[in-house]
Amino acid sequence: MNARAVIIGGGIVGSALAYHLTVVHGWNNIVLIDQGDLPENPGSTSHAPGGVVANAHNKTLTDMAQYSADLYESLPNPKGPHHTFRRYGGIELTRTPERYEDMVRLNGEMAGWGYESRMLSPEETYEYLPFIDPKVITGSLFSPASGLVKGVQVVDGFLNLARATGGLDVHPNTAFRDVVVVDGRVVGVETAIGHIKTDTAVLAANIWSPALAHKLGAIPLMAFQHHYAITHPLKQWSDTDHEDPDLEAVYPLIRDLDAAMYYRRHWDALGIGSYHHVPQMVDPRDVGPDAMRPFTPEHFGDAWRLAREMVPMLRDSAPEFQKAYNGMFAFSADGMPILGESLQARGFWSANASWITHAAGVAKSVAEWMVEGETEWDMRQCHLHRFQEHVKSRQYIDVVTQKNYREVYDLIHPKQPITEPRNVRLSPYHAEHVAAEARFTAFAGFELPNWYESNAGLADELSERIPSRTGLGSQWWSPIMGAEHLAIRENAGLMDLTGLSIIEVSGPGASEIVGFLCSNETDVEIGKVVYTCWLTPGGGIKRDLTVTRLDSDRYWMFVGEGTLPQDLEWVRRHAPSSVTVNDISPAYTAVGIWGPHAHTVIERVMSEEDLKGFDFYTARWIEIAMTG
Ligand SMILES: Cc1cc2nc3c(=O)[nH]c(=O)nc-3n(C[C@H](O)[C@H](O)[C@H](O)COP(=O)(O)OP(=O)(O)OC[C@H]3O[C@@H](n4cnc5c(N)ncnc54)[C@H](O)[C@@H]3O)c2cc1C
C-alpha cells in the first residue's frame, strides 16, 4: 500500500486534518488509521461533553476556537437539526470581584480581536440560566459564539466529507507500530495491516502520542483523569420531551471558573465536570486501549458541594449519578497545542494536545503548514520545537502538567511567573542577585531578577516621578522598577542578559545562509553587528535579532532563550550540510550596560587601545579581568 500521507489517530483532530487535507487542499490518497473503532473512538473525543469555549486570554487559541465553532456548525447533521453542534453560547461565571475584573479584561481582548462577547450582571446571568443562584455570583461574561458539540458526530461528519472527495481511506482497528525513517526522512509507516509507503505521517494520537513519538522528538504532555458526572433526572425538568432536539441542552455552556467546574444540561439532568480534585496523572505508556477509568467518588466531594452552592435544585439530591466516569485528556507542558514537523524525521508531523474547542483550528494550521509551508496564524506558541531541553525531561513534565491541571481556571496575572517548577536554571550571577534582594521571575527556566528590593531607597527618592498603579496593573510590579528604569535612563545600569542566546553559524556557506535568512545585508566587515529580521516565506516577520560577523565564515546570531529552540530549528532546517549550526549559549554568558554614562563605566575597565574605534554596532574581543 502507498499513501500521500498517513494520519495516525482518528479523534477530532485526526479526522479534522483528513477533512482539511482533502476537502480544503485537494490532496488525495490519504490514509487514516486508528487502533480502535471509528467514529466512536476509544480516545477523549468520544467521552467529552463537548463544550466549545470561544474565548481565551490567548489570541491564537481564540482564533482557533472561533474557526472551529464555525466549521462544526457548518457540518451536516446526520441525526437531525442541532445534533452535531449548537451555538447555545457560553457563560463564564464569576464568584469574586477579582474574577469579574479578569472577565472585563477578557471582554476587552475579545473586542480588540474582533469577536463578540459581553459582561452580564448577576440578574442578567440569571435570565440566561434560571436554575443558578445569582447570589453566589458577581456577574459573568457571555460569548455568543460558544456552544456544544457531539465529538462522535463531528468525527463522522469530517470523515464522510473527506471520503466523499475520493481522497481518504479510513482503517479503524489498525494500530500504528512504527515510522520508518531513512537519512532523516520518513519513507513509510508500519501498521497492524502492514507497511504503507509514504513520505508523510502525522501523529494525532494525543494522550498516547508521547509513547509513539521517539522518532519524532519529545511531545511533552501528560494524560490526566478528569471527572464528569450526570445527575439523575431532576424533577424541575421532568417535562422535558426527549424527542425534541431543542430540549437536549437548552442553556449556554457554563463554566464556574472560581470553582474549577463546568456544567451543561442533558435533557432532564445536569452534567457536572470538575477539575476540583487532586491531579490524577496517567503515564501515556499506561493509558491502555481506552481513555477511560472508573469514577472515583472520593475525589468528587468538593465538586458536589460547590455544585449545590451554585445550583439550588441540587440541594435536595444525594451525590448519586445516572452516569459518572473519569475520562482522560492531555495537558501539555505549557497548556498549548504541540504542532509541526519534526526536524530529525522530516515528513513526521505532530498534531497533539488540542481540546475539542480548538481541534478544527489546529487541523487547519497543520494542513496549511504541510501543504503551503506556512500558516495563517502565528504558530510560535504551538511549535513542536519550542521546548527547552529541561521541559522535555520526565520529572519536569510530571510537575508542570500537574500544576497546569490544578491551575486550569485559576486567575493567572499576565506577569505572574510560573509557580513550579522553579530554580530549574540559575544564571552565573545568581548569588549577586540574591545578595541584592532580587525579586525573581522565571524566564525559559532561568531565575532572573524583575527588580531589587535593595533599591527601595531609590524608589523613595524618585517617588514623585514614578506613576502609581492600582488594580491588576499594580500586581507583579513594584515602583522600584520605575526607579531602576530612571536610574539607567539618567546614569548607567548593568543587566544580566543570561536570557540572550547565541546561535553560531560557521563553515563554508555560512555567509550565504545568514544572508538568505536575514532581511538586511549581513555580508559585512568582520566585527560588524547588524540589527535585522528573519522573514517568513510569505514576507511576515519571524523574529528580529542582531547578527555579529566574527570571521569570513563564522557568525553569531543573538536570539532570546524563550524562542531559542524553535529559532535553532529554523536555522538548521534551512542550512546546507556544509554549515554547522550550534547553540553555544551554555558556554557563554552576557551582561549589558546601558545609559548615558555607560561609556564612562567601561572606560574604567578597558584600555584606551581597546576602546579606539569600538563604536556602536561593532564587536571585538577584549580582556577585562579574571573571573571567579
Ligand atoms: C470528560 C472529558 C471532558 C472534556 N470536555 C471537553 C470540553 O468540554 N471541551 C473541550 O474542548 N474538550 C474537552 N475535553 C478534551 C477533548 O475531548 C480532547 O482534548 C480531544 O477530544 C482530543 O482529541 P484528539 O483527536 O487529539 O484525541 P483522541 O480523541 O483521544 O484521539 C486520539 C486517537 O488516537 C488513537 N490512537 C492511539 N494510539 C494509536 C496507535 N498506536 N495506532 C493508531 N491509533 C492510535 C486512539 O485510538 C484515538 O482514537 C474533554 C475530555 C474528557 C475526557
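Ligands are counted one by one from 1 in listed order, and the atoms in each one are counted from 1 as well. Not measured: the values here are computed from a predicted model.
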Part of Ala204 within contact of ligand 1 (heavy atoms, under 4.0 Å): backbone
Heavy-atom proximity to atom 13 (C) of ligand 1, best of Phe176, Tyr262, Trp355: Trp355
Salt bridge flag under 4.0 Å for residues Lys215 and Asp178: yes
Heavy-atom nearest neighbour in the protein, as seen from atom 52 (C) of ligand 1, with distance rounded to 0.1 Å: Phe329 CD2, 3.6 Å
Plane angle bin for Tyr275 and Tyr262 - parallel if under 30°, tilted between 30 and 60°, otherwise perpendicular: tilted
From Thr45, Asn206, Asn41 - option closest to atom 31 (O) of ligand 1 by heavy atom: Asn41
Proximity flag Ala175 to ligand 1, non-hydrogen atoms under 4.0 Å: yes
Charged N-O contact under 4.0 Å between Arg95 and Asp256: yes
Charged N-O contact under 4.0 Å between Asp334 and Arg386: yes
Contacting atoms of ligand 1, where contact means under 4.0 angstrom from a heavy atom of Pro42: 47 (O), 49 (O)
Protein heavy-atom partner closest to atom 43 (C) of ligand 1 - residue, atom, separation in Å: Gln35 N, 3.1 Å
Closest to atom 50 (C) of ligand 1 (judged by heavy-atom distance), picking from Pro172, Ala48, Ala351, Gly50: Ala48
Gln344 to Gly217 - nearest heavy-atom pair and separation: NE2-N, 3.6 Å
Sub-4.0 Å heavy-atom contact, Ser354 with ligand 1: yes
N or O contact, Ile8 vs ligand 1, cut-off under 3.5 Å: no
Backbone or side-chain N or O of His226 under 3.5 Å from ligand 1 N or O: no
Region of His358 that comes within reach of ligand 1 [heavy atoms, distance under 4.0 Å]: neither
Glu40 atom CD, neighbour heavy-atom count above 12 within 6.0 Å: no
Interfacing atoms of ligand 1 (cut-off 4.0 Å, heavy-atom, Ala205): 32 (C), 34 (O), 36 (N), 37 (C), 38 (N)
Any N or O of Gly51 closer than 3.5 Å to N or O of ligand 1: yes
Arg255 to Tyr409, cation-pi by 6.0 Å centre distance and 45° axis angle: yes
Backbone or side-chain N or O of Ile356 under 3.5 Å from ligand 1 N or O: yes
Pairwise distance CZ(Phe176) to CG(Asp34) - rounded to 0.5 angstrom: 13.0 Å
Nitrogen or oxygen of Tyr228 less than 3.5 angstrom from that of ligand 1: no
Distance filter under 4.0 Å to Met328 heavy atoms, resulting ligand 1 atoms: 53 (C)
Sub-4.0 Å heavy-atom contact, Pro49 with ligand 1: yes
The single option from Asp156, Val152, Val154 passing side-chain contact (heavy atoms from CB on, under 4.5 Å) against Thr84: Val154
Gly9 neighbourhood, listing ligand 1 atoms whose heavy-atom distance to it stays under 4.0 Å: 33 (C), 34 (O), 35 (C)
Heavy-atom nearest neighbour in the protein, as seen from atom 35 (C) of ligand 1, with distance rounded to 0.1 Å: Asp34 OD2, 3.3 Å
Residue Thr357 vicinity, atoms of ligand 1 by number, heavy atom under 4.0 Å: 9 (N), 10 (C), 11 (O)
Among Tyr88, Tyr263, Tyr126, Phe131, ring-ring contact (aromatic ring centres under 6.0 Å, His included) partner for Tyr251: Phe131
Salt-bridge present (Glu124, Arg118; N to O < 4.0 Å): no
Polar contact flag for His47 and ligand 1 (N/O pairs, less than 3.5 Å): no
Side-chain donor or acceptor of Thr200 paired with backbone N/O of Ala5 under 3.5 Å: no
Under-4.0 Å salt bridge between Arg394 and Asp283: yes
Pair Glu73 + Arg87: basic N to acidic O under 4.0 Å: yes
Contact check: Tyr325 vs ligand 1, nitrogen or oxygen atoms, below 3.5 angstrom: no
Those atoms of ligand 1 less than 4.0 Å from some heavy atom in Gly327: 53 (C)
More than 12 heavy atoms from other groups under 6.0 Å of CD on Glu368: yes
Min heavy-atom dist Thr174 to ligand 1 below 4.0 Å: yes
Protein residue, atom and distance nearest to atom 30 (O) of ligand 1, heavy-atom basis: Ser44 N, 2.9 Å
Contact partition for Trp208 relative to ligand 1, non-hydrogen atoms under 4.0 Å: side chain
4.0 Å heavy-atom contact, Ile207 with ligand 1: no
Cation over ring face, Lys364 and Trp377, 6.0 Å, 45°: yes
Residues Asp169 and Arg163 bridged, charged N to O under 4.0 Å: no
Ligand 1 to Val52 polar contact by distance, N or O atoms, under 3.5 Å: no
Gly151 to ligand 1, any heavy atom closer than 4.0 Å: no
